[in-house]
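Written out below as structure tokens is the structure these notes cover.
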2 protein chains.
Amino acid sequence: MFDYQGKAEMEGSDKKGSDTRERLIQAAGEIFAQRGFKGATVREISRRANANIAAVNYHFGDKEELYYEVLKNSLSSVIEKYPPDLGVTPESTPEERLHAFIRSLLFRVLDESRPTWHTRLMAREIAEPTAALEQMIENILGPLYGYLTVVVKQLISDKANDELVHNCMFSIMGQCLFYHNARHVISKLYHKKFGPEVIERLSTHIMRFSLGAMKDLGILDTPYTHK
Amino acid sequence: MFDYQGKAEMEGSDKKGSDTRERLIQAAGEIFAQRGFKGATVREISRRANANIAAVNYHFGDKEELYYEVLKNSLSSVIEKYPPDLGVTPESTPEERLHAFIRSLLFRVLDESRPTWHTRLMAREIAEPTAALEQMIENILGPLYGYLTVVVKQLISDKANDELVHNCMFSIMGQCLFYHNARHVISKLYHKKFGPEVIERLSTHIMRFSLGAMKDLGILDTPYTHK
DNA sequence: GTATGATTAAAACATTTGTTTGAATCAGTC
DNA sequence: GACTGATTCAAACAAATGTTTTAATCATAC
């Protein structure tokens, strides 16, 4: 009765006390992000979570349900870290909102100082959707694009039709996401590392590039001059 | 000597007589692009190629070697379809070269009217590199980026340092590749299809957007006015 | 302490998957 | 036709993998 052998002490890295279910989600997230759904094995997940092989099926039913649970966890984590209003005040100008949007997106996608598997897992789901993409669009991408739509519409006059709005949105999103999608190639070709200060400069570049572009297109609503 | 049975006729769906090795590469390309290296099975590949299960190992040694062969085939195919000089004349202006570059890249990435697995396979390799990425950079991506570097340098004054040149390059590449990387999301959110005329308009948008941006940055070398 | 329900553990199961084997078939040459 | 080397075929093998099973262990309430 006192031979309690500390079922959850010092497992793996450092933390204690975490429930098996939680550890499984954490471990599965890392491994799914790294190897994909097919490439990840229940055995490796269980091993990293210091859990038994049967734990996955006991707690989640099967591997696929675990994947959905991991993705759901990833979504809510991203939502709370990056809420739809991205830390701008109601008095912020559209230009400030755009810069905040770009900055936030870049950091979300490039910052390697914190666990990066949420981003990589979502990128994987975007590139090769499973049934879970619907959820992701509804909870994350839809609102994100909706927010950007508002910002862009505030920046360009109402002469702009939907196609132009969308094109500008995609031009902005594309510039940001490129650094994530092509990170291995960039790293090999230019030996570039994305520390916080580099990300900061990148966000400034993309904002100027995009604002300049929209201004030159003659559709910028409020005259903008970068310093 | 005259019983040549047309080994390369209509090898698309069901015909026989095409060399087994070629059919395996074709089938493997499609399936690797669709399911990834892990997800693709030699049984499905063999079935689609109308070949025996042992054919892969007989002709290529193992599955991995087949993958490299497929990728190599994909590279050379892309090279001959889109040579480094992208159909511009020596007299072309830098603006024309940029437009041609963007147009070519967009069509390469979005045109669904021709077999699309080359693009998807390369995108997969870029997102999650295997040992084959080196080859790909050396033969395709390196020259491509090099070409764009020259074009961008011709467009912006020599006041521009390398960082600015790279940033502009990435802004251009990012805009183009976004439509491929996010195609499923775009399709679900905006029900957009990428026919040739849409791609044409996209390429015009990206060119104007980028030229406008660079002009507004005050670094455009030759004054450019879009009509 | 005992009973109960939840959780964990070790082993085994069934299927899939890459690969190999050995015989059969084909193409070309004498 | 017979020989030869290349190719195809059906079958089997060995390893990996998701899942299940059955017993042990834990937490908790009585």
Side-chain angles (χ1 to χ4, degrees), chain A residues 1-12 15-32 34-71 130-132, chain B residues 1-9 11 14-32 34-71 130-131:
Chain A
M1 128 196 283
F2 274 114
D3 57 2
Y4 172 65
Q5 66 252 33
K7 72 161 186 176
E9 57 166 1
M10 299 289 295
E11 77 283 359
K15 287 299 193 301
K16 72 159 280 289
S18 173
D19 195 20
T20 301
R21 194 187 142 92
E22 300 302 320
R23 282 179 324 203
L24 280 174
I25 289 182
Q26 172 73 20
E30 299 168 5
I31 296 180
F32 278 140
Q34 185 177 356
R35 307 208 201 288
F37 181 79
K38 267 280 187 182
T41 73
V42 175
R43 277 171 175 79
E44 186 178 2
I45 292 172
S46 305
R47 199 181 323 125
R48 183 173 304 193
N50 273 93
N52 188 269
I53 315 176
V56 166
N57 298 281
Y58 175 78
H59 284 281
F60 301 95
D62 60 7
K63 183 187 176 187
E64 195 168 339
E65 210 55 46
L66 168 61
Y67 178 79
Y68 291 143
E69 211 62 38
V70 166
L71 202 65
T130 69
Chain B
M1 149 194 253
F2 274 113
D3 57 2
Y4 171 66
Q5 67 250 35
K7 73 167 186 177
E9 54 162 7
E11 72 279 1
D14 46 4
K15 286 300 191 300
K16 69 165 283 289
S18 168
D19 195 23
T20 301
R21 194 187 143 93
E22 299 302 321
R23 281 179 324 202
L24 280 173
I25 289 182
Q26 172 73 18
E30 299 169 3
I31 296 180
F32 279 140
Q34 184 177 356
R35 309 206 199 288
F37 180 78
K38 267 277 187 184
T41 72
V42 301
R43 276 172 175 79
E44 186 179 2
I45 292 173
S46 306
R47 199 181 322 127
R48 183 173 304 191
N50 274 91
N52 188 267
I53 315 177
V56 166
N57 297 282
Y58 176 77
H59 284 282
F60 301 95
D62 60 7
K63 184 186 174 186
E64 195 167 338
E65 210 56 45
L66 168 60
Y67 178 79
Y68 291 142
E69 211 61 39
V70 166
L71 203 66
T130 70

So, does A:T20 get its side chain near the phosphate of C:dT7, meaning an N or O under 4.0 Å from OP1 or OP2?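 The answer is no; no side-chain N or O of A:T20 sits under 4.0 Å from OP1 or OP2.
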Using a cut-off of less than 4.0 Å, is there contact between a side-chain N or O of B:H59 and OP1 or OP2 of D:dT8? yes
Give the rounded distance in Å between these two atoms: [atom1] of [X] and [atom2] of [N].
X: B:K63; N: C:dT16; atom1: NZ; atom2: C1'; result: 11 Å
X: A:I53; N: C:dA14; atom1: CD1; atom2: C1'; result: 15 Å
X: B:D62; N: C:dT21; atom1: CG; atom2: P; result: 14 Å
X: B:E64; N: C:dT17; atom1: CD; atom2: C1'; result: 15 Å
X: B:Y67; N: C:dT19; atom1: OH; atom2: P; result: 15 Å
X: B:F60; N: C:dT19; atom1: CZ; atom2: P; result: 13 Å
X: B:N52; N: D:dC9; atom1: CG; atom2: P; result: 6 Å
X: A:L66; N: D:dG18; atom1: CG; atom2: P; result: 11 Å

Using modelled atom types only, decide if a donor and an acceptor are shared between the side chain of A:R23 and the backbone of A:A49 within a distance under 3.5 Å. yes
Among B:L24, B:I25, B:L66, which one satisfies side chain to side chain contact (heavy atoms under 4.5 Å, CB included) with B:H59? B:L24
Contact list for DNA chain C against residues 39-47 of chain B - heavy-atom distance below 4.0 Å: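 Of all residues in residues 39-47 of chain B, the ones placing a heavy atom under 4.0 Å from DNA chain C are B:A40, B:T41, B:V42, B:R43.
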Residue pair A:Y58, A:T20: steps toward the side chain to side chain contact (heavy atoms under 4.5 Å, CB included) verdict: CA-CA 11 Å; A:Y58 175 78; A:T20 301; over 6 Å; no
Have a look at A:A54 and say if it touches a base, only the backbone sugar-phosphate, or nothing, with a 4.0 Å heavy-atom cut-off.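 Base: the residue A:A54, judged by heavy atoms under 4.0 Å, touches a nucleobase.
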Among D:dA6, C:dT19, D:dC9, which nucleotide sits nearest the side chain of B:Y58? D:dA6
What's the closest nucleotide to the B:N57 side chain, out of C:dT8, D:dT7, C:dT20? C:dT20
Any chance you could lay out the side chain to side chain contact (heavy atoms under 4.5 Å, CB included) test for B:Y68 and B:T130, step after step, and finish with the verdict? CA-CA 10 Å; B:Y68 291 142; B:T130 70; 4.1 Å; yes
Overall bend of the helix from C:dG1-D:dC30 to C:dC30-D:dG1 (five pairs an end, 10° steps) is 10°
Any A:F32 side-chain heavy atom under 4.5 Å of A:K38 side chain: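 Contact flag for A:F32/A:K38 side chains = no.
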Residue whose nearest DNA chain D nucleotide is more 5′ - A:K38 or B:A51: B:A51
Would you say the side-chain atoms of B:E30 and B:Q26 include a donor-acceptor pair closer than 3.5 Å?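 There is such a pair between these side chains.
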Have B:S46 and B:R43 got a donor and an acceptor in their side chains that come within less than 3.5 Å?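 No - no donor-acceptor pair under 3.5 Å links their side chains.
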Kindly indicate, with the supporting measurements, whether the criterion side chain to side chain contact (heavy atoms under 4.5 Å, CB included) is fulfilled by B:E44 and B:R35. CA-CA 11 Å; B:E44 186 179 2; B:R35 309 206 199 288; 2.8 Å; yes
Can you say whether the rings of A:Y67 and A:F37 are parallel (under 30°), tilted (30 to 60°) or perpendicular (over 60°)?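 Rings of A:Y67 and A:F37: perpendicular, as their planes differ by over 60°.
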